[in-house]
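Take a look at the structure below.
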Amino acid sequence: MSERTPEHRYTAELAGRIERRWQDRWERDDTFASANPAGPWAAPEDPRLADGREHRVVMDMFPYPSGAGMHVGHPLGYVATDVHARFLRTTGANVLYAMGFDAFGLPAEHYAVQTGQHPRVTTEEAMSTYRRQMRMIGLSHEPRRTFATIDPDYVRWTQWIFQQIHDAWYDPQADPRPGSGQSAPGRARPISELVEEFADGSREVPGGRPWGELSRAEQARVLDGYRLAYVSAAPVNWCPGLGTVLANEEVTADGRSERGDLPVFKRNLSQWMMRITSYADRLTDDLDRLDWPERVRLMQRHWIGRSTGAQVAFPVPTTTGGEASLEVFTTRPDTLFGATFMVVAPEHPLVGRIVPDAWPAATKDAWTGGAPTPREAVTAYQRQAAAKSDVERQTEGKAKSGVFSGAWATNPVTGAPVPVFVADYVLMGYGTGAIMAVPGQDERDWDFALAYDLPVVRTVQPTPDHPEDQAFTGEGPAINSANDEVSLDGLGVEDAKERIIAWLEQTGRGRATVTYRLRDWLFSRQRYWGEPFPVVWDEDGVAHAVPDDQLPVTLPDVPDYAPRTFEADDADSEPEAPLARATDWVHTTMDLGDGRGPVPVRRETNTMPNWAGSCWYYLRYLDPENAAAPVDPAVEGYWIGPREETVPEAPEGAVDPGGVDLYVGGVEHAVLHLLYARFWHKVLFDLGHVSSEEPFRRLINQGMIEAYVYRDARGFPVPAAEVEEHTSSDGGPSTFTWQGQPVTQEYGKMGKSLKNVVTPDEMVEQFGADTFRVYEMSMGPLEQYRPWETRAVVGSQRFLQRLWRNVVDEDTGEVTVTDETPSPDLAKALHRTIDAVGSDYAALRTNTAIARMIELNNLLTKRDTVPRAAVEPLVQMVAPVAPHLAAELWERLGHDDLTYAPFPQADPALLVEDSVTAVVQVKGKVRDRIDVAADISAADLEALALGSEKVQRFLDGAPVRKVVVRAPSLVNIVV
RNA sequence: GCCCCCGUAGCCCAAUCGGCAGAGGCAGCCCACUUAAAAUGGGUUCAGUGCGGGUUCGAGUCCCGCCGGGGGCACCA
């Protein structure tokens, strides 16, 4: 700083002093504490809980604290929610704004392995960096509501919720809970109610034997078929390079791990699953009742992938002389007459029972794969398919391979024999794992029919211009679709579907059905740094919940917490849980409360995925110190219970699902965290623990702040901060150099390896936190991606400096405002600004709010004196974005804390104009402007416009055909 | 291949219902202050809205077709 800088100029240095002072004061005074109506913090006398006062829960997706700390992109959403929370406090609402940490997970474990420290130590360090940075930029989180997912008290309730889910089953016939907005039956119920129904015979036990005759282990196995959290040996995604199994949502389309980009293999492993598929309908339907970005709702709908169609039975003889029923799922039952062959997945369980000893007479050479018998052909094909990784299947593209099973099924509508093929383009995990192939109307089936010389029957009339050599997947009248009992000929696709389903149901050959792309959620991981399952196994191999008084089950210390990883493509490796190494911890005795007394047990050694902690943290913010429940029901109902009014675009008559009022976070969680959390929340709703049906009522995806990357001639990134720009004189594009060498510019993410990271710490140091906040908020709409440009930050600093100077003399530090009454023009400008800024804040249009405030501030700057009555409301308006500066000015202006000072009210009388400038157009082009009274009548305005000299000149005597008048602003004359 | 989002000054962005293309910021240029520079203050230049059609009295905004950028899904029967 030069000695010539005025002593009281709003510099980064002064800003820093002001900011630290107010941060200390807010902390000391507990300024941002919100009021709870019940639970351990009940404060019913708090005025904010009075009738008619609003309440709002505002939150961000909590961070996963990495050792590197935040760069300027991370706090974008945090600043936006902070601005909104601060604004809402000035409207009198009880505002809950809190932040915690998502602290379990693989990166923390990796980082810990690298640094040789326990993950808890490195995680705590990272969290304290984040806390420092969040305090530094003035986020108004409520300190007493913070926690981390690794806190034992939090883990205790995560484990408790797991047990609730484990001890529940989904009854598709059960009535929804009262108050629910569900349109169809279905609800989770306690598993004890299922046991009662089995025991008293009101529900048949699968397998047919009476419940009492089943052994403990047999009963457990039956219940596993119902529990919402269960152990299954189904094929799962095994990632040897990470040493853990992964959920479908964590595997990319090309069969690699989302984290680390390593190969993933399908393996049959015994793992914990969550029965999220039971909620598929509600998870799809209830999206309509949420105020979420359309693309996120679309992504969830696609992920759940509900499709309606029919299940149809094709009879097929078995090798033992009997008859089996090969069930297929189709979305096009109207094309059943064109089903000329069938395809089953290589893993289909029926394959073993239908493959004959010898090739039947009609077998074509191309069908056998060169094998002497069907059994050999099928076995060879199965082996070949199993050895293929998903990556290989991908690279093979759409070329169809397969082999004839030797079996002929019967098309139930035509009675014709159809050959059954085994091919890997049919997936065991979708539908029934078997399809009826209709080459005439399906491209994949067409390709297969072509490759294996199979007949094609068109059952939908193609359009005249449709090529002969392609499947026709469009709409058209049915053809070739009749038997003695039913005819679809001439019907459109929808009508044909309806008629054939009716016939199938009448004759017992099939039924309408719904199928989903969504699979159950694989919930166990082979890693150390996660929540231990609150589960032990007894000597019968039965899983038991750890009794409630022994929660939380805490992580044991192990000699080596690193996951056991393997060569990335070692598909045959076996997962190995790090907790299994803590043998003293694993083998213990426990009284399971079933009358047996203490028995030897083995602890579950898998841990939960890190999604577990983020599935319910928003609930814990509401009541973080409750020792009796995850959240007091009265507290939950107050904060996030259903509202009277629905979200803006909810369907007519919908019931509001409740949930957090504003949730801001990245779109990368569209089908992971956001789907999982919705699922848990619905289970908790069904079991009566919460009154809301959804966790997040309104969601906004904040955009990402990106940055330019500069590369030298070798393509290596150079430090972006040291690059010099050279503008060209002829208006062409700029060139860039680093240390005299030419470098290229590209646009991308901010990252350490790209040498373009800018940290909030640097920005606060150079400009102050308020300037940093104003800059981030003025860059554009919250949802937008935008490039960071450090040299542009000075614009925000100038704004705050000018505001400061409008109140405080830079040389003396004296407050200079006057008590004069603002001129009518200034008063109008002020009230228009108040009106616009208020609605902009409410709608989270902070960028335009800031532009309005700059405009008003520039107006004040031009004046010789600044009236107190004009600048005080401006200080209040600026407070959400620049809270420290505003608090300081507010105090210097002679007031107390402004956190809860009511937002300025616009005087409606000052919003209306006495006169306006009306535009007169001739044929849509502006030809004149005239000042008219704001309440001028259409007829008067038209007369004025037609009388305009300029207009007459442009009309040039041409007859007027039509005059469009939009009083008082516009007239358009058409000739 | 299918689906979704976005293209407005050199750059970031405004423009409630279809009604004057410009609120705000950066950069550039000019001026003041300064021995000078920085900082600060004042002023100012700059686009007809990616391209081509259409609807309309009137289109950045609505419709159709392209082009470019970003994202999601991808043998899902």
Checklist line | Given RNA chain B, 5'-ward residue of the pair A:R791 and A:Q797, judged by closest heavy atom | finding: A:R791

Check: Nearest-Å distance, CD1 (A:I854) to P (B:G25)?
Finding: 6 Å

Notebook entry, point to check: Just how far, in rounded Å, is P of B:A23 from CZ of A:R845?
Noted result: 18 Å

Check: Are any of the side-chain heavy atoms of A:L672 and A:E250 separated by less than 4.5 Å?
Finding: yes

Next item on the list: Give a yes/no answer on whether the side chain of A:R802 brings an N or O atom under 4.0 Å of OP1 or OP2 in B:G41.
Entry: yes

Checklist line | Nearest-Å distance for atom pair CZ/C1', residues A:F421 and B:A77 | finding: 17 Å

Margin query: Just the rounded figure in Å: distance from P of B:C11 to OH of A:Y775.
Written below: 15 Å

Checklist line | side-chain N/O A:R786 vs B:C11 OP1/OP2, d < 4.0 Å | finding: no

Next item on the list: Using whole Å, report how far CZ of A:F799 lies from C1' of B:A39.
Entry: 19 Å

Margin query: Strictly by Watson-Crick or wobble contacts shorter than 3.5 Å, is anything paired with B:C57, and which nucleotide is it?
Written below: B:G19

Next item on the list: Measure from the side-chain heavy atoms of A:T848 and tell me the nearest of B:A14, B:G58, B:A77.
Entry: B:A14

Check: Is any side-chain nitrogen or oxygen of A:Q801 closer than 4.0 Å to OP1 or OP2 of B:U40?
Finding: yes

Margin query: My understanding is that a pair needs two contacts under 3.5 Å, Watson-Crick or G-U wobble. By that rule, which nucleotide pairs with B:G28?
Written below: B:U44

Next item on the list: Can you tell me the distance, in whole Å, between the OH atom of A:Y430 and the C1' atom of B:A77?
Entry: 7 Å

Next item on the list: Name the residue closer to the 5' end of RNA chain B, choosing between A:S778 and A:Q784 according to the nucleotide with the nearest heavy atom.
Entry: A:Q784

Item checked: Side-chain N,O (A:N858) to OP1/OP2 (B:G41) below 4.0 Å -> no

Next item on the list: Could you work out the separation of B:C63 and B:U56 based on their C1' atoms and round it to a whole Å?
Entry: 12 Å

Note to self: Would you say A:S778 and A:N847 are linked by a side-chain donor-acceptor pair, where the criterion is simply a distance under 3.5 Å?
What the structure shows: no

Checklist line | Nucleotide nearest A:R966 (side chain, heavy atoms from C-beta), chosen from B:A23, B:C57, B:U40 | finding: B:C57

Checklist line | Closest to side chain of A:V794, choosing from B:A14, B:A23, B:U40 | finding: B:U40

Note to self: Side chain of A:Y425 only, heavy atoms from C-beta on: which candidate in B:C26, B:G72, B:C75 is closest?
What the structure shows: B:C75

Notebook entry, point to check: Is any side-chain heavy atom of A:M436 closer than 4.5 Å to a side-chain heavy atom of A:T335?
Noted result: yes

Check: For the side chain of A:E855, counting heavy atoms from C-beta on, which of B:G72, B:A23, B:C75 is nearest?
Finding: B:A23

Check: Are A:E776 and A:R773 close enough for a salt bridge, meaning some N to O gap below 4.0 Å?
Finding: no

Notebook entry, point to check: Do A:S307 and A:Y430 get their side chains close enough for a donor-acceptor pair, meaning under 3.5 Å?
Noted result: yes

Check: For the ring pair A:F448 and A:F421, is the centre-to-centre distance below 6.0 Å?
Finding: yes

Note to self: Using OP1 and OP2 only, check whether a side-chain N or O of A:N847 sits under 4.0 Å from B:G24.
What the structure shows: no

Next item on the list: Check every atom of B:C3, B:A77, B:C13 against the side chain of A:H302 and return the nucleotide holding the closest atom.
Entry: B:C3

Notebook entry, point to check: Mind checking the P distance from B:A14 to B:U8? Whole angstroms is fine.
Noted result: 11 Å

Check: Which listed nucleotide (B:A77, B:C57, B:U40) is nearest to the side chain of A:F329?
Finding: B:A77

Margin query: Any side-chain N or O of A:R805 below 4.0 angstrom from OP1/OP2 of B:G41?
Written below: yes

Note to self: Taking only the P atom of each, what is the distance from B:C5 to B:G10 in whole angstrom?
What the structure shows: 28 Å

Item checked: Among B:G41, B:A77, B:U40, the one nearest A:T861 by side-chain distance -> B:G41

Checklist line | salt bridge (Lys or Arg N to Asp or Glu O under 4.0 Å) pairs, two or more places apart, involving residues 830-839 of chain A | finding: A:R832-A:E913

Note to self: For B:A9, give the paired nucleotide (Watson-Crick: N1-N3 plus N6-O4 or O6-N4; G-U: N1-O2 and O6-N3; both under 3.5 Å), or none.
What the structure shows: none

Note to self: What's the closest nucleotide to the side chain of A:T330 if the choices are B:C4, B:A77, B:C12?
What the structure shows: B:A77

Checklist line | Aromatic A:Y425 / basic A:K400 pairing, under 6.0 angstrom, 45° off normal | finding: yes

Note to self: Please report the distance, rounded to the nearest Å, between CD in A:E789 and C1' in B:G24.
What the structure shows: 15 Å

Next item on the list: Sort out the partner of B:C2 for me: Watson-Crick or G-U wobble, both distances under 3.5 Å, none otherwise.
Entry: B:G72

Next item on the list: Would you mind reading off the distance between A:M704 atom CE and B:C12 atom P, rounded to a whole angstrom?
Entry: 18 Å

Check: Counting side-chain heavy atoms from CB outward, which of B:G19, B:G24, B:G43 is closest to A:K862?
Finding: B:G43

Next item on the list: Any strand is fair game: report the nucleotide pairing with B:A39 by Watson-Crick or G-U wobble, both distances under 3.5 Å, or none.
Entry: none

Note to self: Please classify the glycosidic conformation of B:C17 as syn (within 90° of 0) or anti (everything else).
What the structure shows: syn

